[in-house]
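In what follows, chains carry the letters A, B, and so on, assigned in the order in which the sequence lines appear, proteins first and then strands, with residues in each chain numbered from 1.
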There are 2 protein chains.
Amino acid sequence: MSTILPFQAVTHEPGQSRYAALAAALKARIVRGEWPPGSAIPAEQSLADQHGVALGTMRRALELLSEQGFLDRQHGRGTFVKPGLSGAPMFRFFRFGEGGDTPPQSSILARQTQAAKAEVAAALGLGPGEPVLHLKRLRSVAGQACLLEDIWLPLPLFEPLLSPEHPTADWGDLLYPLFGQRCGVHVHRAVDSISFGQLSASAARALKLPAGHPCARVSRQAFDMSGRCIEWRHTVGDAHAFHYTVSIV
Amino acid sequence: MSTILPFQAVTHEPGQSRYAALAAALKARIVRGEWPPGSAIPAEQSLADQHGVALGTMRRALELLSEQGFLDRQHGRGTFVKPGLSGAPMFRFFRFGEGGDTPPQSSILARQTQAAKAEVAAALGLGPGEPVLHLKRLRSVAGQACLLEDIWLPLPLFEPLLSPEHPTADWGDLLYPLFGQRCGVHVHRAVDSISFGQLSASAARALKLPAGHPCARVSRQAFDMSGRCIEWRHTVGDAHAFHYTVSIV
DNA sequence: AAGTGGTCTAGACCACATC
DNA sequence: ATGTGGTCTAGACCACTTG
């Protein structure tokens, strides 16, 4: 069996190291879906042969992609494509209940298509008025309403979530695994913006708090591996339950 | 001239890689003050010879310390000991003024020695009742009071800050450089905890806001290179000026 | 020109996971 | 026993900074 070396020639501009070019080439193969999330990629030596570089150089490229969160290297087992963020750890910003080991629950209050307003379109990188799916979602701990979320998703992509065969009651408590299973969308990274404000009358009603009660607001942009924004989310919760810890280095 | 190899023998327990042991040994030499912050350490080849390892192994150790924030490597110039955090970017949590290019100002409202209360002692890793220096500090932008801070520093160490020859009016707008110059203390990393509350009457007075006004609270522990806590700080500011952005990967 | 860190190679051997 | 990633070596050459 003859061995084909389709990736041997890597565009290697001066000013860029070979391992960086290799990493870019491998990343392209990942993003293209050649190796699905969670699956193993070929062994180091095999990849080094394919690209015609020394083992050490290929290792350098793989380590780079590992640092960037695209690969997961496991001693003795192999190198795997990172499956993406599973639980969106929104609750790390809040502390509800005491020793609450009960997992947060999720219920979808509304699901509808909309024309994207300016802010939503800007966040998602769409033109204003393009179709989006809007979700309103309440998250509870031990039956107690805690967080209220507005979520916007670009629509051709998230069409499967509109299917009446899958009522929102069956969606489960985590959205990101659902995005992966039903829409083939994997969240690779996210950016959260935090501020404080007062609850609107309707939000206060849903959270069973007085209108105007102080709240913490978290606005999230979530991105897939190719870098496009695939979710815009706005979350509010009781400001007194807010807490967060940051390390500065 | 005979060459002495005092660091050749590095305790190298099984289960630990040689470069990790080398990194620990080098870090010890840094923490001990053998190479002061900001100064250059010997060249890679020289260190490799000193420790009797291959160049690549020493490079691995140096890269590790660089990732951990102890060293700063500069192509063509050398490897330097990180000088420590200079500006403690407390204002990255808040947005005061508009295009405010005016740098934040600092004024010390109080400076006194105290016996550490339980919370302060715990944060600083002291026994309760041990002596600490307490500072009260107001930070302003364009003459407008913005943040009120309570700062506690362990006392044998920060004695120089009590000197009446250096009135607090001359301290300047940044504390961490002062800690370095006058006390030989360099802040290597810090941990900030954020929560929400209401202004006490006295804090409200200092910030020219109504008592009970919503505020953001930031509690900071700052550590030096050896890992001991050398500052406990409590900061409050108008909650409506608070904003913060986090990346999740 | 000399000295520094950055890249790349080719090969040996080790540690871990799996069959 | 086999295959995987992790460590270490020894050496060549490149790129950047400084005198």
Side-chain angles (χ1 to χ4, degrees), chain A residues 3 5 7-26 30 35 38-83, chain B residues 3 5 7-26 30 35 38-83:
Chain A
T3 307
L5 305 177
F7 302 102
Q8 186 167 7
V10 169
T11 53
H12 178 205
E13 305 164 18
Q16 181 168 220
S17 56
R18 189 168 295 189
Y19 71 81
L22 282 170
L26 291 171
I30 294 170
W35 304 300
S39 68
I41 72 173
E44 300 175 337
Q45 189 55 258
S46 159
L47 286 170
D49 295 344
Q50 274 185 33
H51 291 81
V53 298
L55 183 59
T57 305
M58 182 53 73
R59 282 185 57 76
R60 196 80 204 274
L62 293 171
E63 274 155 21
L64 190 59
L65 290 176
S66 176
E67 286 167 16
Q68 294 176 355
F70 292 100
L71 293 177
D72 185 18
R73 314 199 74 196
Q74 295 182 32
H75 192 171
R77 301 218 323 122
T79 301
F80 303 83
V81 178
K82 269 267 179 76
Chain B
T3 308
L5 307 176
F7 302 101
Q8 186 167 8
V10 169
T11 54
H12 179 204
E13 304 164 17
Q16 181 169 219
S17 56
R18 188 169 297 190
Y19 70 81
L22 281 170
L26 291 171
I30 294 170
W35 303 301
S39 69
I41 72 173
E44 300 175 338
Q45 190 55 258
S46 159
L47 287 170
D49 295 344
Q50 273 184 35
H51 290 81
V53 298
L55 183 59
T57 305
M58 181 54 73
R59 280 185 58 77
R60 198 90 148 77
L62 294 171
E63 273 156 20
L64 190 58
L65 289 176
S66 176
E67 285 167 17
Q68 293 175 356
F70 292 99
L71 292 177
D72 186 17
R73 316 200 74 198
Q74 294 181 33
H75 193 174
R77 304 218 322 122
T79 301
F80 303 82
V81 178
K82 268 266 179 78

Novice: Any idea which heavy atoms bring B:Gly38 and B:Phe80 closest together, and the distance?
Specialist: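 Looking at all heavy atoms of both residues, the shortest contact is O-CD2, 3.7 Å.
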Novice: Measure the shortest side-chain to side-chain distance between B:Leu26 and B:Ile41 over non-hydrogen atoms and say whether it is less than 4.5 angstrom.
Specialist: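 Not in contact.
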Novice: C:dG5 P sits how many Å from B:Leu65 CG, rounded?
Specialist: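 Rounded to the whole Å, the gap is 14 Å.
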Novice: B:Tyr19 OH to C:dA15 P: how many Å, rounded?
Specialist: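 The answer, rounded to whole Å, is 14 Å.
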Novice: Distance check needed: D:dC8 C1' versus A:Arg60 CZ, whole Å only.
Specialist: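 Atom-to-atom, A:Arg60 to D:dC8, this comes out as 16 Å.
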Novice: End-to-end bend of the helix from C:dA1-D:dT18 to C:dT18-D:dA1 (five-pair axes, 10° rounding)?
Specialist: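 The angle, to the nearest 10 degrees, is 10°.
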Novice: List for me each residue that meets side-chain hydrogen bond (donor to acceptor under 3.5 Å, both in side chains) alongside A:Gln68, sequence neighbours excluded, and say none if there are none.
Specialist: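 Checked A:Gln68 against side-chain hydrogen bond (donor to acceptor under 3.5 Å, both in side chains); zero matches.
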Novice: Testing the basics here: between B:Pro42 and B:Gln50, what is the closest heavy-atom pair and its distance to 0.1 Å?
Specialist: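 Closest approach of B:Pro42 to B:Gln50: CG-NE2, 4.5 Å.
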Novice: Taking CD from B:Glu63 and C1' from C:dG5, how many angstroms apart are they, rounded to a whole number?
Specialist: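 These atoms are roughly 10 Å apart.
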Novice: Pick out the pairs of N or O atoms, protein on one side and nucleotides 9-11 of chain D on the other, that lie under 3.5 Å.
Specialist:
residue	atom	partner	partner atom	Å
D:dT9	OP1	B:Arg18	NH1	3.3
D:dT9	OP2	B:Ala54	N	3.0
D:dT9	OP2	B:Thr57	OG1	2.2

Novice: Rounded off to whole Å, could you give me the CG-to-C1' distance for the A:Leu64 and C:dT7 pair?
Specialist: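 Those two atoms, CG and C1', are 14 Å apart.
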Novice: Is A:Leu65 close to A:Thr79 at the side-chain level, that is, under 4.5 Å between some pair of heavy atoms?
Specialist: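 With C-beta onward as the side chain, the pair stays apart.
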Novice: Would you compute the distance between atom CG of B:Leu47 and atom OG1 of B:Thr57 and round it to the nearest 0.5 angstrom?
Specialist: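 Interatomic distance, B:Leu47 CG to B:Thr57 OG1, rounded to 0.5 Å: 13.0 Å.
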Novice: Atom NE2 of B:His51 to atom C1' of D:dT7: distance rounded to whole Å?
Specialist: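 Between C1' of D:dT7 and NE2 of B:His51: 18 Å.
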Novice: In whole Å, I'd like the distance from the CG atom of B:Leu47 to the C1' atom of C:dT4.
Specialist: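 So the two atoms are 12 Å apart, to the nearest Å.
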Novice: Taking atom C1' of D:dC16 as reference, at what distance in whole Å does atom CZ of B:Phe80 sit?
Specialist: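 Taking CZ of B:Phe80 and C1' of D:dC16, I get 13 Å after rounding.
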Novice: To the nearest 0.5 Å, tell me how far A:Gln45 CD sits from A:Asp49 CG.
Specialist: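 Answer for the CD-CG pair, A:Gln45 versus A:Asp49, is 4.5 Å.
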Novice: Is the phosphate of D:dG5, meaning OP1 or OP2, less than 4.0 Å from a side-chain N or O of A:Arg59?
Specialist: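 The answer is no; no side-chain N or O of A:Arg59 sits under 4.0 Å from OP1 or OP2.
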Novice: Applying ring-ring contact (aromatic ring centres under 6.0 Å, His included), name anything that partners A:Tyr19, two or more places apart in sequence or on another chain.
Specialist: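 A:Tyr19 satisfies ring-ring contact (aromatic ring centres under 6.0 Å, His included) with no other residue.
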Novice: Can you name the nearest heavy-atom pair linking B:Leu71 to B:Val81, along with the distance?
Specialist: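 Minimum heavy-atom separation between B:Leu71 and B:Val81: CD2-CA, 4.1 Å.
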Novice: Among pairs that include at least one residue of residues 64-82 of chain B, which meet salt bridge (Lys or Arg N to Asp or Glu O under 4.0 Å), considering only residues two or more places apart or in two chains?
Specialist: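 Residue pairs passing salt bridge (Lys or Arg N to Asp or Glu O under 4.0 Å), neighbours aside: B:Glu44-B:Arg73.
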Novice: By a strict heavy-atom criterion of less than 4.0 Å, which residues belonging to residues 71-79 of chain B are in contact with DNA chain C?
Specialist: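 Contacts with DNA chain C under 4.0 Å: B:Arg73, B:Gln74, B:His75, B:Gly76, B:Gly78, B:Thr79.
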Novice: How far apart are the closest heavy atoms of A:Ala61 and A:Leu22, and which atoms are they?
Specialist: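 Minimum heavy-atom separation between A:Ala61 and A:Leu22: CB-CB, 3.8 Å.
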